[in-house]
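One structure below.
Residue numbering restarts at 1 for every chain, and letters A, B, ... go by the order of the sequence lines.
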Amino acid sequence: MEEILKLENLRKTFKISRKQQRINRTSDTVKVAVDNLSFTAYRGEIFGLLGPNGAGKTTTLRMLATLIKPDGGNAYISGHSIISEEAEVRKNIGFLTSELKLEDFFTPNYLFDFFSELYDMEKSVRDARKRELFTKFGIDRFAEVKLANLSTGMKQKVSLVISIVHDPEFIIFDEPTNGLDVLTAKVVTDFLEELKAQGKTIILSTHIFSLVEKLCDRVGIIVDGRLIALDTLENITKENSLENTFFDLYDKTCGEKL
Amino acid sequence: MRNVWTIIKKEFSRFFKDKRMVFTVILPGLMIFLVYSLMGTVMENVGKTDEDYKFTAYVTEMPENLAAAFGNGFELKEYSDAEAAKADVEAGNLDLAIFFPENFGQTLSGDVKIFYNSSKDNSNNGFITVSGLLNSLINPPFTINAADGVKFDLAGEKEWTGKMLATFMPMLMFALLASGCVAVAPEAIAGEKERGTMATMLITPIKRWQLALGKILSLACFALLSGLSSFIGVILSLPKLMGGAIDGEVATFYSAGDYFMVLGLIISVVLVIISAFSIMSTFAKSVKEAGTLISPIMIIVILLGVFAMFGSSTSTWLYVIPLMGSGLAMSAIMTFTITPLAFVLAIASNFVLAALLITAISFMFKSEKIMFNR
């Protein structure tokens with residue numbers, strides 16, 4: 001199996017303010033958000049990153065997308081280091097997260113063209129891809145409507161389409177179905193399966209168990225910035241449901257009964 | 001360079017398709033024109049009396065040889081006694097109460113008493129008119145500059161106008177360009193950071209310097225447009241504001257070369273100002289904070305303009321100081337004393353500083369602390 005993503009002891013810390021130190025009753029000046037994270041994702045799989053809020057999922061994904069730099073360790077996407085080969089990494093990934101917004105003054109059509117230019121795409125390829133994706137997600141009927149005037153679901157579909165304008169091999173989806181109704185959420189999950197069928201590698205970060213059970217090939221469970229379990233979905237759910245396995249692991253790690 | 005162009009195109013569509021944004025360009029010019037024209041008109045009329053106005057006056061012992069002179073512009077009133085007339089002057093109902101000494105017409109000596117009310121324009125102007133009239137009665141045995149058709153003030157109109165323009169053009173240039181920049185800089189970078197649209201561009205393969213350069217070049221264009229609109233407003237209202245001291249003929253004093261130099265200076269100055277403001281805008285966490293951070297720089301920029309108003313520099317090396325050199329160069333162009341070296345130094349120093357600032361912005365775009373810390 002071809003390794004597409006490889007994390008090697010990835011680590012990220014944030015400074016804690018004096019006031020926050022007092023609240024936390026600690027003298028630590030830094031909080032470790034991601035603690036020596038290592039795992040690998042292979043071509044054509046959907047890798048689920050499961051964890052509670054504040055576990056370090058989004059921080060990990062932001063490092064992979066080269067938005068922020070790790071304090072230690074490294075990660076490679078298609079063999080390119082996220083630290084020293086940022087430009088190559090950016091060409092090869094798509095990143096969908098609620099944090100990255102689109103200027104709502106513009107129309108889907110304009111935004112698609114704008115981002116495809118930044119990815120240096122040929123005009124003919126761009127137009128064919130735009131037609132295909134806009135039709136698939138029903139954006140074609142709203143292609144010339146300003147984003148500000150679109151529904152939440154339609155905006156999310158546009159964000160999804162824009163994030164994969166350049167047909168990347170490796171795609172990061174951070175809570176892709178958050179805030180969507182069941183119909184739109186299904187369109188999105190169906191599309192993830194389609195991408196997988198095309199041989200794309202996907203990292204899916206979520207705290208929704210059913211989404212992981214439905215889509216993922218392998219799962220990494222992350223708590224407090226550390227990977228506490230990493231296996232195929234099949235193995236992880238062999239003895240118990242994913243939800244119960246997660247709670248058991250969480251109890252063991254944090255020593256608290258939920 | 002293609003990415004830079006892509007960013008410029010995007011900024012232009014953002015700006016020109018938004019009616020409100022375009023309005024920020026046109027509005028300052030329009031406001032300046034209206035306010036300055038109004039100010040000029042008001043200033044022109046303040047303290048003036050209508051030409052066909054007749055001053056009202058109470059006069060005692062009117063000399064016969066003066067009666068004709070008083071006949072035209074004055075309306076003589078009768079009062080029962082002097083005190084009643086003075087009381088009316090005080091109340092503003094009568095412009096003047098004039099008391100001539102006896103036989104003034106023959107002797108032209110003694111003390112003429114003119115009671116007036118300086119708080120009333122008409123009364124005040126009446127006093128000036130009568131004083132002038134009386135003074136003209138005495139013919140001194142000599143004349144000054146009596147010859148017709150001789151130009152006694154030897155200052156050329158060109159030099160005089162140039163000197164006047166030199167005092168306010170640098171200040172005007174800095175103030176108008178800075179106000180143009182302040183209208184666009186906070187929104188374009190801090191606004192994009194705040195809305196989360198900047199990060200979306202940062203994960204694409206575009207290089208940070210390309211993003212910075214694309215932004216700066218388009219913002220410079222908007223600021224130039226806004227500055228130009230204000231400039232047109234000033235120029236159109238100038239004849240009214242200066243009471244006709246400056247008119248269209250001024251434009252012909254300067255050669256095409258002068259205009260090119262002014263244009264070059266303006267472009268280089270706007271690049272420096274917009275880059276400096278953009279640094280603050282990149283640093284700020286919100287549009288509001290960007291506005292606050294930009295204000296001190298705005299004041300420095302305008303002060304540099306004020307400095308150039310007073311300083312006519314003898315040292316060419318002062319032109320090396322960015323912005324300040326441009327103020328001096330602008331003054332020198334206006335007074336026709338610019339040297340090629342001074343011009344090149346002034347303009348080059350701006351371009352160098354702008355390039356450094358744009359590089360700094362590129363580095364700031366790379367810093368997660370600046371771009372993502374809230």
- Message: Less than 4.5 Å to any heavy atom of chain B: does that hold for the side chain of A/F105, its backbone, both, or neither?
- Response: side chain

- Item | Segment of B/S13 engaging chain A (4.5 angstrom heavy-atom cut-off) | both

- Message: Can you tell me if A/Q198 has over 12 outside heavy atoms packed within less than 6.0 Å of its CD?
- Response: yes

- Task: Rounded to the nearest 0.5 Å, what's the gap from OG1 on B/T197 to CG on A/L111? Could you check?
- Result: 10.0 Å

- Query: Mind checking whether B/T200 and A/F95 have side chains closer than 4.5 Å, heavy atoms only?
  - Reply: no

- Do you know which of A/D120, A/T66, A/I162 has the most heavy-atom pairs under 4.5 Å to chain B? A/D120

- d(A/L118 CG, B/R2 CZ) to nearest 0.5 Å is 9.0 Å

- Looking only at B/M198, B/K17, B/R14, B/E368, the option with the highest number of non-hydrogen pairs under 4.5 Å against chain A is B/R14

- Rounded distance [0.5 Å steps], CE in B/M371 versus CG in A/L67: 10.0 Å

- Query: chain A: which of B/M201, B/E192, B/K207 shares the most heavy-atom pairs with it under 4.5 Å?
  - Reply: B/M201

- Message: Quick check on the interface: out of B/T204, B/I7, B/D18, B/N3, who has the most heavy-atom pairs with chain A under 4.5 Å?
- Response: B/T204

- Query: Where do B/P205 and A/A87 come nearest, in terms of heavy atoms and distance?
  - Reply: CB-O, 4.5 Å

- Message: Can you tell me which portion of A/F114 sits under 4.5 Å from chain B's heavy atoms? Options are side chain, backbone, both or neither.
- Response: both

- Note on the structure: Max heavy-atom pairs within cutoff under 4.5 Å with chain B, candidates A/E103, A/H166, A/K91, goes to A/E103

- Task: Any chance you could measure B/I203, atom CD1, to A/R90, atom CZ, to the nearest 0.5 Å?
- Result: 9.5 Å

- Message: Taking the basic N atoms (NZ, or NE/NH1/NH2) and the acidic carboxylate oxygens, is any pair closer than 4.0 Å for B/K9 and A/E117?
- Response: yes

- Item | Neighbour count >12 (heavy atoms, 6.0 Å) for atom CZ, B/F12 | yes

